[in-house]
Amino acid sequence: MLLLAAAFLVAFVLLLYMVSPLISPKPLALPGAHVVVTGGSSGIGKCVAIECYKQGAFITLVARNEDKLLQAKKEIEKHSINDKQVVLCISVDVSQDYNHVENVIKQAQEKLGPVDMLVNCAGTSLLGKFEDLEVSSFERLMSVNYLGSVYPSRAVVTTMKERRVGRIVFVSSQAGQVGLFGLTAYCSSKFALRGLAEALQMEVKPYNVYVTVAYPPDTDTPGFVEENKTKPLETRLISETTSVCKPEQVAKQIVKDAIQGNFNSSIGSDGYMLSSVTCGMAPVTSITEGLQQVVTMGLFRIIALFYLGSFDSVVRRCMMQRAKSEGADKTA
């Protein structure tokens, strides 16, 4: 009986692998494609632009700092594979004025053609305990991290639907999958991107437009360096449980998943586990992906509980040490 059940399971899995490619989206061809990257002057955004340029894409870089944009342009152009490729730079704050964002996207499309892929990398972080953060900090992070992705996406989605082709990428974070100490403002803005992405994917999928949400771990970028300057002790100790990734590695995975039309983009074994255990009602690109989530979710939930327990332990230890230190100061 057990052998029969095992044989049935193997046959079922093989069938899924055979059927899966038939329902998966057709990969997007990057040679000659127009890729817009916001936050493209540094970090993950710049590396995404380089990766797409290496594959023959035309690039529009969007960021606030014009000097950094021009420097990034020079770096990207070193990776051209033909003399027809172009890197266009646009200096604009994508979180402030939708009409302005829409106008600059139109200008980019007039020069380089319709946008085939939009990668929303513009973002910022601000760390601190909930009661120590100014209310304006929450407003700022929602503006930059959330609306800064809404505005460019809104500017390109209509044309993508009309052309029946397109990719929209939202760069969230592993902090957009699990809430962590000291990241109340940041986590909420990154969690919001997932809700946007899930709803948007349901709207645009019939038009052959696919959405990808990337959940990179701590990544060695200028933003991460700044973040470490104000990171609470608890947050620092928790983040030390995972390694810091290189932006080139993250960018390569994001571009690969976006080309394939995968909804989820994660890095490494920790990223795979976290994406599986938090998949919820997220769409899948293939039947096999859904099956993998079903099979692994229970085990990964057990592992996640151990992680959460260790994080809680870190917070309690820090609280006790702080209380002991304050008590010693009072008696001194």
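Positions are given from 1, in the same order as the sequence printed here.
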More than 12 heavy atoms from other groups under 6.0 Å of CD on Glu240: yes

In the single-linkage hydrophobic clustering (I, L, V, M, F, W, Y; side-chain heavy atoms under 4.5 Å), do Leu133 and Phe130 co-cluster? yes

Side chains of Tyr210 and Thr285: does their closest heavy-atom pair fall under 4.5 Å? no

Spacing of CG belonging to Leu196 relative to OG belonging to Ser153, to within rounding of 0.5 Å: 6.5 Å

Would the Tyr272 and Tyr215 ring centres measure less than 6.0 Å apart? no

Please determine whether the number of non-hydrogen atoms from other residues, nucleotides or ligands lying under 6.0 Å from atom CD of Glu77 exceeds 12. yes

Could you go through Arg64 and Ser41, starting from their C-alpha distance and side-chain angles, then the distance that decides it, and tell me whether this counts as side chain to side chain contact (heavy atoms under 4.5 Å, CB included)? CA-CA 9 Å; Arg64 291 176 298 176; Ser41 62; over 6 Å; no

Heavy-atom nearest pair, Ser239 first then Asp218, reads CB-OD2, 3.4 Å

Do His34 side-chain atoms and Gly113 backbone N/O form a donor-acceptor pair below 3.5 Å? yes

Output the distance between atom CZ (Phe224) and atom OG1 (Thr219), rounded to the nearest 0.5 Å. 8.0 Å

ILVMFWY clustering at 4.5 Å (side-chain atoms), partners of Ile254: Leu28, Leu30, Val35, Val37, Ile44, Val48, Ile50, Tyr53, Ile59, Leu61, Leu69, Ile76, Val87, Met117, Val119, Val165, Val169, Val171, Val250, Val255, Ile259, Ile267

Has Ser188 got a side-chain atom pairing as donor or acceptor with Thr184's backbone, closer than 3.5 angstrom? yes

Counting only N and O atoms by type, is there a donor-acceptor contact under 3.5 Å from the side chain of Thr60 to the main-chain atoms of Ala108? no

Can you hop from Val314 to Leu274 via hydrophobic side chains spaced under 4.5 Å? yes

For the side chain of Gln85 and the backbone of Asn82, is there at least one donor-acceptor N/O pair under 3.5 Å apart? yes

Answer yes if Val284 and Phe300 sit in the same cluster of Ile, Leu, Val, Met, Phe, Trp and Tyr residues linked by side chain heavy atoms under 4.5 Å apart, and no otherwise. no

With a 4.5 Å limit on heavy-atom distance, are the side chains of Thr212 and Ile168 in contact? no

CG of Leu147 to OH of Tyr98: how many Å apart, nearest 0.5 Å? 12.5 Å

Heavy-atom closest contact (Thr38 atom, Asn120 atom, distance): OG1-CA, 3.3 Å

So, the side chain of Arg164 versus the backbone of Tyr207: is there a donor-acceptor pair under 3.5 Å, distance only? no

Are any of the side-chain heavy atoms of Val36 and Val156 separated by less than 4.5 Å? no

So does Tyr186 get a backbone contact from the side chain of Asn145, meaning a donor-acceptor N/O pair under 3.5 Å? no

Applying the side-chain contact (heavy atoms from CB on, under 4.5 Å) test to Met160, which of Asn208, Asp116, Val209 qualifies? Val209

So do Ser313 and Arg316 actually touch side chain to side chain, heavy atoms under 4.5 Å? yes

Output a table of donor-acceptor pairs, distance under 3.5 Å, between side-chain atoms of residues 174-183 and any protein atom two or more places apart or on a different chain; print 'none' if there are none.
unit_1 : atom_1 : unit_2 : atom_2 : d
Gln177 : NE2    : Ser275 : OG     : 3.1

Within-4.5 Å side-chain heavy-atom neighbours: Leu237 and Cys318: yes

Donor-acceptor check, side chain of Asp132 to backbone of Gly128, threshold 3.5 angstrom: yes or no? no

For Asp257 and Gln253, test the side chains for any donor-to-acceptor distance below 3.5 angstrom and give the result as yes or no. yes

Under a 4.5 Å side-chain heavy-atom rule over Ile, Leu, Val, Met, Phe, Trp and Tyr, are Met142 and Leu193 clustered together? yes

ILVMFWY network linking Val94 to Val104, side-chain heavy atoms under 4.5 angstrom: yes

Contact summary for Ser276 and Thr296, nearest pair of heavy atoms: OG-OG1, 2.8 Å

Please walk me through it: do Glu198 and Phe263 pass side chain to side chain contact (heavy atoms under 4.5 Å, CB included)? CA-CA 9 Å; Glu198 288 191 13; Phe263 182 77; 3.6 Å; yes

Going from OH on Tyr146 to OG on Ser95, what distance comes out if it is rounded to the nearest 0.5 angstrom? 13.5 Å

If you count every heavy atom of other residues, nucleotides or ligands that lies below 6.0 Å from Lys252 atom NZ, does the total exceed 12? no

Measuring from atom CD of Glu289 to atom CG of Asn264, what distance do you get when rounded to the nearest 0.5 angstrom? 6.5 Å

Val115 versus Arg163, closest heavy-atom pair with distance: O-NH1, 3.7 Å

Give the C-alpha distance, both sets of side-chain angles, the deciding distance and a yes or no for side chain to side chain contact (heavy atoms under 4.5 Å, CB included) between Thr235 and Leu127. CA-CA 9 Å; Thr235 314; Leu127 281 64; 4.0 Å; yes

Would you give the length of the straight line joining atom CZ of Arg194 to atom OG of Ser173, rounded to the nearest 0.5 angstrom? 13.0 Å

Derivation and outcome, salt bridge (charged side-chain N to carboxylate O under 4.0 Å, His left out), residues Glu226 and Lys229: CA-CA 5 Å; Glu226 286 300 312; Lys229 294 178 181 179; 2.9 Å; yes

Is Glu234 close to Arg322 at the side-chain level, that is, under 4.5 Å between some pair of heavy atoms? yes

Closest heavy-atom contact between Lys231 and Arg236? O-NH2, 3.2 Å

Met273 and Tyr307: which non-hydrogen atoms are nearest, and at how many Å? CE-CE1, 3.9 Å

Determine whether Val92 and His100 make a side-chain contact, defined as any pair of heavy atoms from C-beta on separated by less than 4.5 Å. yes

Under the criterion side chain to side chain contact (heavy atoms under 4.5 Å, CB included), I'd like the reasoning laid out for Met297 against Cys279: C-alpha separation, chi angles, the key distance, then a yes or no. CA-CA 9 Å; Met297 189 178 292; Cys279 62; 3.0 Å; yes

